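One structure is given below, encoded as C-alpha cells.
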Amino acid sequence: MFGLHYRLERKAIGLTLGIILVASIGGLVEIAPLFTIHQTVEDAPDMRVYTPLELAGRNIYIREGCYACHSQMIRTLRDEVERYGPYSLAVESKYDHPMLWGSKRTGPDLARLGGKYSDEWHVAHLDNPRDVLPVSVMPAYSWLLRTTLRTDDLGAHLKAQRAVGVPYTDDMIANASKDAYGQAAPDSPYAEGVTKRYGKATTVRAFDGKPGELTEMDALVAYLQVLGHLTNAAHKPVADAAR
Amino acid sequence: MIGQLTKAERQYALLILLGLALCGLIFGIAGKDDPLGVHGALIGVAALAGIFKVISIYYDPEPGDERLNRYYDDPTKFGIVLAMIWAVFGLFIGDWVAWLLVKPDFTFDAGWASFGRLRPVHTTSVIFGFGGNALIATSYYVLQRTSRARLPDQLSPWFVLLGYNLFCVLSVTGYMMGITQSKEYAEPEWYADIWLVVVWVTYFAIYLRTLARRKEPHIYVANWYYMAFILVVAILHIVNNLAVPVSFGSAKSYSLFSGVQDAMTEWWYGHNAVAFFLTAGFLGMMYYFLPVRAGRPIYSYRLSIISFWGITFFYMWAGSHHLHYTALPQWVQTLGMTFSLMLLIPSWASATNALLTLNGAWDKVRDDATLRFMMVAAVFYGITTFEGSFLAIRSVNSLSHYTDWTVGHVHAGALGWVAMITFGSIYAIVPWLWKRDRMYSPRLVEVHFWLAMAGTVVYVFAMWNSGIIQGLMWRTYNESGTLAYSFVDSLIAMRPYYIARAIGGLLFLIGGVVGAYNVWMTIKTESKVLPESAVDAPEPALGGSAVLQPGE
C-alpha cells in the first residue's frame, strides 16, 4: 500500500485526480439523493409563495445579517417544541432560496414568529430593542422606518426566483411593484390585487403604522409576520402531514 | 517589487488590468442604482492603480536571466505583509463585535456598523484575509523549496495574490453595504464568486506548472495538503455558490438550491471550509515549517499518508452533523455523525506526527517562542479535533448546537490552531525572506506568544461556560413540568461571559499588533550580522548539489 503511494506521489496529475476522486464520494452520497428521494420534502398543497413585500423584507433580513443571531429551524426536541411551537418541516423552507436555518441563537428562534406579536411591537422592537426588552443585545434598526423601500426591481426579483424554482406567475411578476405597495396600504386601489394573487390569508395592512409610505420597516415586519405561515402543514398531526 | 516582470509579462499585466477596468466600468454603469455600482467603481480604481504601477516600470530594464537561478519570493514577501494587515484588521473587528454584544448601542445609528453586517466582515477578514494570504504566500515559498524549482513565471503569482485580495476587499466592503447571500462563510455575491474561480484556477495552474518543473522525484507531503486545499476549496466554492443573479446590474442573486438541499449544501461547504481551508492548508504549513524550525525530519512518513487520505476522504461526509434533529433526513445526519467520529483517527495522526517530530528538540521548544507557537498549534489541533468529533455526537449536539459552545469550539481551532501555526510560520519565514539573522525582537515574539495563549484560553473557557449554561437553561424543567427559564433569563446569564470573551479577544488582538510591529521592524531594520545558519539557510543554488534541508 505504501509502495503504491510511493509511486503515486511522483505523479502530480495522478495525485490531483486521486484527491478529486476521494473527496467527491462523501458529497455525492449525501447530497445527490436529497434531490431524488421524494420523501425528503413533504407535500403541502396549501403552501403559498412570499408576496413581493415579504420577499423584500426577507432580503432586508438577509442584508442585515439577522441569520447570524436568529435561527429558523425548530428541532425535534421537547423543550424546543414547547418553547417555540411545532418542529420545522422541510417543506416549510421549500421556497427559501437560500435557507435561513441559522447556526446560532443569540436571540430566540424565529421559525414560528409570525402572528406572535403585534406589528406595533415589532416596529418598537426594531426601532430600539431595549425599549421593549431592557436586556436585549440586538442592535437598533431605527433607520428602517426612515428608508423608503425600493420596489421598481421587484419584478426582476420574482423572475429570478422563478428561474430557481419558485412558482411565480407572469401576473405576479408583472404586478410585483404594485402588490408590494398595496400590501402595506390597505385603503389603496392596489390592495385588492394582493389577496387576489396571493390568497385570502395574505395580510394586508400598514405594517409600520404609516399607510401613506412604503418603508423598509413595512417589508421587514411583513416578512416577520409571515414566518411559519406559508403552510399549515406543521400544525397538523404527523400522520396527516406525511400523507 | 514587480520590476522582475519581463517585457511580455508587463504587456500581459496591462491587458489583464485593462480587462478588469472594463469590467469595473460595466458594473459601474449597469449597477448605478445598486450597491453593485460602488463595487464597479472600486474594481475600476483598483485596476487603474495597477495600470499606473505597471506603466511606471514599463520602460525599466528587463530582469536578466540570472533571476532564474533564484527562487521567486517577491509575492511571498508581499503576501506575508498583507496577511499581517488582515490579521490586525480582522481581529480588531472581531473584538469590536464581541463588545457590541456587551454594549449593543455602539452602532452610530447606521447599518454598516451593526453586529449582523460586521460579523461576516470579521469572519472573512480572519479566515480569507489573514488565513488565505498566509496560505498563498507560504505555499509559494514551500512549493519552490520542496520542488527545487522556481515558480513558472513572474506574473501569475501576482495575479493570484492581488486578485485574491481584490476578492477579499469586495467581500468585506460588500457586507458593510449590505451585499451578502447569507450563506455562512460564503457570503460574497455572484460576481465576486466568479472572480474567485478565475483566481483559484490560476493558483492551481501555478502548482501544476511548478511541480512539472521540479527537480525532486517526489512531491513533498506539505504540497499534498496545499494541493488538496486548492482543489477541494474550488469544488466546494463552485457548488455552494450556484445562483441566479436578479439582473446583470444587481448585486443580489438567489441560490439555486432551497430549503433542505440548500442547508445540506451549505454545511457540506461550511464544514469542509474548515477541513480544507482551515485544516489541510495549514497542515501543509505545519508539515514544512515545524520540521525545518525544529531541525528534525517528520516523525513518520506512513502516518502522514494515513492522515492525508483519511482527512481527504472522511471530512467530506461530516458536514451534516451541523443539522442534527432538523428537517434533514435522519440517514444523512447519522452518516455525518459516524464519519465525524472516524475523523478523529487521521486528525490525531497528524497531531501526533507533529508532536513526535519534536522528540529530541524539546529544549528548542523551551527556548524558541517561534517553535513553541507551532507546538501549541499542534496541541490545539489535537484538542479541537477531539472536541469536534465529540460535538458531532447527536445527543451532545442537542445541547451544544445554537449555543456559544460552538463559537468556543471554532475559536479554539481558529485562535489555537490556525493563528498559532501561522504566526509560528511567519516568525520563521520573515528572517529567511528578508535575509535577517533573526526577528527584530525575539522578546516580542515571546510576548506575543503569551498574549495569544492567554487570549485563547480566556476566550475558549468563557465560551465553554456560556455555551453549556445556555444549553442547560434552555432545556431545564421545573417540578411542575414546565420550562424553568425564559430565553431572556439565558441572555442575562451570558453577560459576564460575553465580557470575558471580549477581554480574551482583546488580548489576542494586542498580540497580533505586537506581531505586526515586530514583522515590520524586522523588514525595516538591517541585521548587524548575517551568518547563514543551518536553520535559516535560504536559496540553495538551483541545479547545484545543495545540502538537503530538513523538510525537503
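No experiment lies behind these values; they were computed from the predicted model shown. First the proteins, then the strands, lettered A, B, ... as listed; each starts at 1.
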Legend entry - Portion of B:His322 that has a non-hydrogen atom of chain A nearer than 4.5 angstrom: neither

Inset, instruction - Identify which part of A:Ile60 has an atom lying under 4.5 Å from any heavy atom of chain B, answering side chain, backbone, both or neither. - result: neither

Legend entry - Options A:Pro98, A:Ala156, A:Gly102, ranked by heavy-atom pairs under 4.5 Å with chain B, top entry: A:Pro98

Inset, instruction - Answer with yes or no after comparing the ring centroid distance for B:Phe257 and A:His97 against a 6.0 Å cut-off, counting only values under it. - result: no

Legend entry - Short N-O contact, B:Asp404 and A:Arg105, less than 4.0 angstrom: no

Inset, instruction - Just give me the residue among B:Thr107, B:Val232, B:Leu335 that pairs up with chain A most often, heavy atom to heavy atom, under 4.5 Å. - result: B:Leu335

Legend entry - Contacting region of B:Phe204 [heavy-atom separation from chain A under 4.5 Å]: side chain

Legend entry - Distance flag, aromatic centroids of A:Tyr61 and A:Tyr223, threshold under 6.0 Å: yes

Inset, instruction - Select one option (side chain, backbone, both, neither) describing which atoms of A:Leu55 are under 4.5 Å from chain B's heavy atoms. - result: side chain

Inset, instruction - Answer yes when A:Asp46 and A:Arg48 have at least one side-chain N-carboxylate O distance shorter than 4.0 Å, and no when they do not. - result: no

Inset, instruction - Give a yes or no on whether a salt bridge exists between A:Glu92 and A:Arg112, defined as a side-chain N under 4.0 angstrom from a carboxylate O. - result: yes

Legend entry - Nearest-0.5 Å distance that lies between atom CE in B:Met494 and atom OG1 in B:Thr403: 9.0 Å

Inset, instruction - Tell me, for B:Asp33 versus chain A, whether the close heavy atoms (under 4.5 Å) come from the side chain, the backbone, both or neither. - result: both

Legend entry - Engaged part of A:Leu144 at the chain B interface, taking heavy atoms whose separation is under 4.5 Å: neither

Inset, instruction - Between chain A and each of B:Gly111, B:Ala228, B:Ser247, count heavy-atom pairs under 4.5 Å; write down the option with the most. - result: B:Gly111

Legend entry - Portion of A:Leu21 that has a non-hydrogen atom of chain B nearer than 4.5 angstrom: neither

Inset, instruction - Mark yes when over 12 heavy atoms from residues, nucleotides or ligands other than B:Arg213 sit less than 6.0 Å from its CZ; otherwise mark no. - result: yes

Legend entry - Engaged part of A:Val166 at the chain B interface, taking heavy atoms whose separation is under 4.5 Å: neither

Legend entry - Contacting region of B:Lys252 [heavy-atom separation from chain A under 4.5 Å]: side chain

Legend entry - Validation row, ring centre B:Trp474 to ring centre B:Phe487 under 6.0 Å: yes

Inset, instruction - Please determine, among B:Phe339, B:Phe308, B:Tyr254, the option with the most heavy-atom pairs under 4.5 Å with chain A. - result: B:Tyr254

Legend entry - Part of A:Arg146 lying under 4.5 Å from any heavy atom of chain B: side chain

Legend entry - Heavy-atom proximity to chain B below 4.5 Å, by part of A:Ser103: both

Inset, instruction - Would you mind checking if B:Glu189 and B:Lys183 are paired as a salt bridge, meaning a charged N to carboxylate O distance below 4.0 Å? - result: no

Inset, instruction - Quick one: which of B:Pro329, B:Ala327, B:Ser320 has the most heavy-atom pairs under 4.5 Å with chain A, could you say? - result: B:Ala327

Inset, instruction - Give the ring-plane orientation class for B:His321 versus B:His324, where under 30° counts as parallel, over 60° as perpendicular and anything between as tilted. - result: tilted

Inset, instruction - Select one option (side chain, backbone, both, neither) describing which atoms of A:Thr106 are under 4.5 Å from chain B's heavy atoms. - result: both

Inset, instruction - For chain A, find which of B:Leu491, B:Leu211, B:Ile305, B:Val488 contributes the most heavy-atom pairs closer than 4.5 angstrom. - result: B:Ile305

Legend entry - Part of A:Leu77 lying under 4.5 Å from any heavy atom of chain B: side chain

Inset, instruction - Measure up the A:His5 and B:Tyr301 rings against each other and bin them: parallel (under 30°), tilted (30 to 60°), perpendicular (over 60°). - result: perpendicular

Legend entry - Part of A:Val135 lying under 4.5 Å from any heavy atom of chain B: both

Legend entry - Options A:Gln39, A:Arg78, A:Lys159, A:Lys94, ranked by heavy-atom pairs under 4.5 Å with chain B, top entry: A:Arg78

Inset, instruction - Below 4.5 Å from any heavy atom of chain B, which atoms of A:Leu133 appear? Answer side chain, backbone, both or neither. - result: side chain

